[in-house]
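All values derive from a computational prediction rather than experimental measurement. All heavy atoms count here, side chains included; hydrogens, waters and symmetry mates do not.
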Amino acid sequence: VQLQAFGGGLVQAGGSLRLSCTASGRTASSYAMGWFRQAPGKEREFIAAIGENGGSTAYAGFVKGRFTISRDNAKNTVYLQTNSLKPEDTAVYYCAAGSTMGRVVARPDYWGQGTEVTVSS
């Protein structure tokens, strides 16, 4: 599975961005998907995951209702809607895929390249 993330950019604090990740491959829709981020000087951290059919989701505690993960299997695409962005959300955001949600959270099987999000104060 090949993953390509896009949609990052520069946004003011309080603003929103919708990140997208397109998966290619015949079985792309059969994978659980997720989003991670890595801020400068920090380790990569889990943000959210979604099951193969979109019926199950999981979020990191810091999301606190600001971010929403969703997917459109007809387009082989997973989204991360980010609202009420803060300067501390500045990071490179990565999408990932795994055989199960648990796999995505703990140790994804596939990674996409990152898309950079910068939130100005």
Rounded distance (nearest 0.5 Å) linking atom CZ of F36 with atom CD1 of I47: 8.5 Å

Same cluster (ILVMFWY, side-chain, under 4.5 Å), V63 and V78: yes

side-chain hydrogen bond (donor to acceptor under 3.5 Å, both in side chains) partners of residues 7-19, not counting sequence neighbours, each pair once: S16-N83

Pairs involving residues 51-70, ordered by first then second residue, that meet side-chain hydrogen bond (donor to acceptor under 3.5 Å, both in side chains) (sequence neighbours left out): R66-D89

Residue pair V117 / V92, side-chain heavy-atom distance below 4.5 Å: no

Atom pair CG/OG1 of L17 and T82 - distance to nearest 0.5 Å: 4.5 Å

Nearest heavy atoms of S20 and W35, plus distance in Å: O-CH2, 3.6 Å

Residue pair A97 / L3: nearest heavy atoms and the distance that separates them: N-CD1, 3.7 Å

Qualifying salt bridge (Lys or Arg N to Asp or Glu O under 4.0 Å) pairs, either residue in residues 69-78, two or more places apart: none

Nearest non-hydrogen partners of Y31 and G98, listed with the distance: CD2-O, 3.4 Å

CA sep, side-chain torsions, deciding dist, call: V1, S24, side-chain contact (heavy atoms from CB on, under 4.5 Å): CA-CA 6 Å; V1 176; S24 61; 5.9 Å; no

By salt bridge (Lys or Arg N to Asp or Glu O under 4.0 Å) - contacts of E88 (at least two apart): none

Check: V119 main-chain N/O paired with T90 side-chain donor or acceptor under 3.5 Å: yes

Qualifying side-chain hydrogen bond (donor to acceptor under 3.5 Å, both in side chains) pairs, either residue in residues 101-120, two or more places apart: R103-D109

Gap separating the CE atom of M33 from the OG1 atom of T77, nearest 0.5 angstrom: 8.5 Å

Pairs involving residues 60-98, ordered by first then second residue, that meet ring-ring contact (aromatic ring centres under 6.0 Å, His included) (sequence neighbours left out): none

Any E45 side-chain heavy atom under 4.5 Å of R37 side chain: yes

Which atom of I69 lies closest to which atom of G34, heavy atoms considered: CD1-CA, 4.2 Å

